S.K.: 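Got a structure for you, written out below as structure tokens; questions coming shortly.
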Amino acid sequence: MIKIENLTLNAGKFRILTNVNFDIQDGEKLAFIGMNGSGKTTTINSILNFNSNYLGKITIDGYDARDIACHKLLSFCPAEEIKDKIKVYNFLYSFAVLNGIDKSAVVKKINYYINKFEVNPIVLKKKFNHLSSGQIQIIKIITSLLTNAKYIIMDEPANFLDPKIRYILYTIIKKSKKTFLISSHNIPEIKKICNRAVLIDKGQIIYHGSWKNLETNKKLKWLKY
């Protein structure tokens with residue numbers, strides 16, 4: 001389980017997060033919702049220990065999130081594009097090996113996801129700066145799925161994906177026994193794969209629970225559209 005307790009973060013005189021509290025239960029798919037600038041990415045970066053100067057407590061399977069032992073438990077699909085000039089296949093192979101995947105299994109695992117997401121083999125020989133945004137997004141998703149991490153965090157994973165690839169992605173997530181925290185602006189889609197939702201606004205959690213109770217909240221009518 002990932003547990004966030006009283007997470008508070010300041011940037012100079014500005015308060016970015018205020019007493020953020022929620023948990024992610026093992027095996028569940030949790031939606032993380034909020035408008036741009038609401039604190040989603042900052043919260044995610046804190047869980048991943050990209051931000052470490054926060055107040056409060058984040059634990060991952062009982063370990064403090066700042067503990068190096070947490071690194072192997074987490075995998076991440078960022079919203080930002082990869083702009084490296086490395087070739088795609090070399091990137092995937094190196095990433096998998098560096099993250100503890102046995103060399104004898106790396107090629108098989110890469111091929112599995114390449115076939116699953118219907119990636120053209122030509123793409124594997126290209127450098128990231130020669131790929132489309134959609135192609136880069138698929139490779140980022142595959143990268144996050146390659147490791148043996150128990151918890152996978154995805155920030156707007158369906159960006160730039162066509163309808164068929166979105167369907168493939170969501171099917172993989174739904175069938176997976178791993179735990180997912182998914183940040184998204186697409187409420188109708190995210191409802192189909194996540195059993196609970198956390199809503200953050202202006203750096204504070206304003207809802208944490210089931211979709212049913214969220215949709216009956218009159219103050220949050222905009223979530224229905």
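Hydrogens, waters and symmetry mates play no part in the numbers below; they use all other heavy atoms, side chains included. Fair warning: this is a prediction, and the values are worked out from it, not measured in the lab.
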S.K.: Begin from the C-alpha positions of I141 and L161 and carry the test side-chain contact (heavy atoms from CB on, under 4.5 Å) through to its verdict.
M.R.: CA-CA 11 Å; I141 291 167; L161 299 185; 3.7 Å; yes
S.K.: Taking all non-hydrogen atoms of both residues, which atom of L74 and which atom of I47 are closest, and how far apart?
M.R.: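 Answer, listing the atom of L74 first, then I47: CD1-O, 3.7 Å.
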S.K.: If you group Ile, Leu, Val, Met, Phe, Trp and Tyr by side-chain heavy-atom gaps below 4.5 Å, do I187 and L169 land in one group?
M.R.: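 Same cluster.
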S.K.: State the OG1-NZ distance between T171 and K174, to the nearest 0.5 angstrom.
M.R.: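 Taking OG1 in T171 and NZ in K174, the distance rounds to 7.0 Å.
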S.K.: When you measure from the side chain of N159 to the backbone of A79, do you find a donor-acceptor pair of N or O atoms at a distance under 3.5 Å?
M.R.: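 It does not hold such a pair.
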S.K.: Give me the atom names and distance for the closest heavy-atom approach of I24 to R196.
M.R.: CA-NH2, 4.3 Å
S.K.: I'd like to know if the side chain of D102 pairs up with that of S104 as donor and acceptor (distance under 3.5 Å, no hydrogens or angles considered).
M.R.: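 D102 vs S104: donor-acceptor pair found between side chains.
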S.K.: Would you please say whether a donor-acceptor pair under 3.5 Å links the side chains of Q25 and T179?
M.R.: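 No - no donor-acceptor pair under 3.5 Å links their side chains.
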S.K.: List the steps and the verdict of side-chain contact (heavy atoms from CB on, under 4.5 Å) for I138 and I165.
M.R.: CA-CA 8 Å; I138 293 172; I165 300 302; 4.0 Å; yes
S.K.: Could you report the tightest heavy-atom contact between S176 and K29, atom names first, then the distance?
M.R.: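 Looking at all heavy atoms of both residues, the shortest contact is O-NZ, 2.5 Å.
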S.K.: Kindly work out whether a path of hydrophobic side-chain contacts (I/L/V/M/F/W/Y, heavy atoms less than 4.5 Å apart) joins Y207 to L181.
M.R.: no
S.K.: Is there a donor-acceptor contact under 3.5 Å from the side chain of K40 to the main chain of G34?
M.R.: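 Judged by distance alone, yes, a pair lies under 3.5 Å.
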S.K.: Assigning hydrophobic clusters by single linkage (Ile, Leu, Val, Met, Phe, Trp, Tyr; side-chain heavy-atom cutoff under 4.5 Å), is V97 placed with F76?
M.R.: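 No, no single cluster joins them.
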S.K.: Is there a path of hydrophobic side-chain contacts, each under 4.5 Å between heavy atoms, that joins V123 and F160?
M.R.: no
S.K.: Between K125 and V88, is any pair of side-chain heavy atoms under 4.5 Å apart?
M.R.: no
S.K.: Just do the side-chain contact (heavy atoms from CB on, under 4.5 Å) check on I4 and D23 with the steps written out, would you?
M.R.: CA-CA 6 Å; I4 296 93; D23 59 71; over 6 Å; no
S.K.: How about Y151 and F180: are their ring centroids closer than 6.0 Å?
M.R.: no
S.K.: Could you report the tightest heavy-atom contact between I60 and A65, atom names first, then the distance?
M.R.: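 Here I60 and A65 meet closest at CD1-CB, 4.1 Å.
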S.K.: Does atom NZ (K178) have a neighbourhood of more than 12 heavy atoms from anything else shown, all under 6.0 Å?
M.R.: yes
S.K.: Heavy atoms, side chains only, cut-off 4.5 Å: are V198 and I205 in contact?
M.R.: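 V198 vs I205: side chains touch.
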S.K.: Backbone N or O of S52 within a donor-acceptor pair of the R66 side chain at under 3.5 Å?
M.R.: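 Checking the backbone N and O of S52 against the side chain of R66, a donor-acceptor pair under 3.5 Å is found.
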S.K.: Strictly by modelled atom types, are N99 and H71 linked by a side-chain donor-acceptor pair under 3.5 Å?
M.R.: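 Short answer, no.
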S.K.: Okay, side chain of S94, backbone of N90: is any donor-acceptor separation there less than 3.5 Å?
M.R.: yes
S.K.: Taking atom CG as the centre, does L98 end up with more than 12 heavy-atom neighbours from other residues, nucleotides or ligands that are less than 6.0 angstrom away?
M.R.: yes
S.K.: Restricting to non-hydrogen atoms, name the atom on I173 and the atom on M154 that form the minimum distance, rounded to 0.1 Å.
M.R.: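 Nearest pair, atom of I173 first, then M154: CD1-SD, 4.0 Å.
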S.K.: Is there a chain of hydrophobic side chains (I, L, V, M, F, W, Y, each step under 4.5 Å between heavy atoms) that links V106 to L124?
M.R.: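 Yes: a chain of side-chain contacts under 4.5 Å links V106 to L124.
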S.K.: Any side-chain heavy atom of F22 sitting closer than 4.5 Å to one from L30?
M.R.: yes
S.K.: Verify, without hydrogens or angle tests, whether S75 (side chain) and S144 (backbone) share a donor-acceptor contact under 3.5 angstrom.
M.R.: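 A pair under 3.5 Å: yes.
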S.K.: Determine, for D155 against K140, whether the closest basic-nitrogen to carboxylate-oxygen distance falls under 4.0 angstrom.
M.R.: no
S.K.: Between the side chain of W211 and the main-chain N/O of K192, is any donor-acceptor distance below 3.5 Å?
M.R.: no
S.K.: So, does N21 use its side chain to make a donor-acceptor pair with the main chain of N6 at under 3.5 Å?
M.R.: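 Judged by distance alone, yes, a pair lies under 3.5 Å.
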S.K.: Just wondering, do E118 and I168 contact through their side chains at under 4.5 Å, heavy atoms?
M.R.: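 I168 reaches E118 side chain to side chain.
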S.K.: Do the charged groups of K150 and D61 touch, with an N to O distance under 4.0 Å?
M.R.: yes
S.K.: Quick check for you: to the nearest 0.5 Å, what is the distance between D26 atom CG and K177 atom NZ?
M.R.: 13.5 Å
S.K.: Got a second to check how far S46's OG is from L17's CG, nearest 0.5 Å?
M.R.: 6.0 Å
S.K.: Would the distance check show the side chain of N10 and the main-chain N or O of T8 forming a donor-acceptor pair, the cut-off being under 3.5 Å?
M.R.: no
S.K.: Looking at side-chain heavy atoms only, is the closest gap between I152 and L145 below 4.5 Å?
M.R.: yes
S.K.: If you count every heavy atom of other residues, nucleotides or ligands that lies below 6.0 Å from K3 atom NZ, does the total exceed 12?
M.R.: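 Result for NZ/K3: open.
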S.K.: In Å and rounded to the nearest 0.5 Å, what is the CD1 to CG distance from I136 to L131?
M.R.: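 The CD1 atom of I136 sits 5.5 Å away from the CG atom of L131.
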S.K.: Kindly compute the distance separating CD1 (I33) from NZ (K191), expressed to the nearest 0.5 Å.
M.R.: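 One finds 9.5 Å between CD1 of I33 and NZ of K191.
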S.K.: Could you give the distance from CZ (F32) to CD1 (I182), rounded to the nearest 0.5 Å?
M.R.: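 One gets 13.0 Å once the value is rounded to the nearest 0.5 Å.
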S.K.: Heavy atoms only: give me the nearest S133-E81 pair and the separation to one decimal.
M.R.: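 Nearest heavy atoms, S133 then E81: OG-OE2, 2.7 Å.
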S.K.: Are I153 and L48 close enough that some pair of their side-chain heavy atoms sits under 4.5 Å apart?
M.R.: yes
S.K.: Begin with the C-alpha distance, continue with both residues' side-chain angles, and end with the deciding distance and a verdict on side-chain contact (heavy atoms from CB on, under 4.5 Å) for E189 and S184.
M.R.: CA-CA 9 Å; E189 283 191 353; S184 177; 5.9 Å; no
S.K.: Would you say the side chain of T147 lies within less than 4.5 Å of the side chain of F95, judging by non-hydrogen atoms?
M.R.: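 Yes, at least one pair of side-chain atoms sits under 4.5 Å.
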S.K.: Just so I know, are the side chains of Y93 and V107 near enough to count as touching, which here means a heavy-atom distance under 4.5 Å?
M.R.: yes
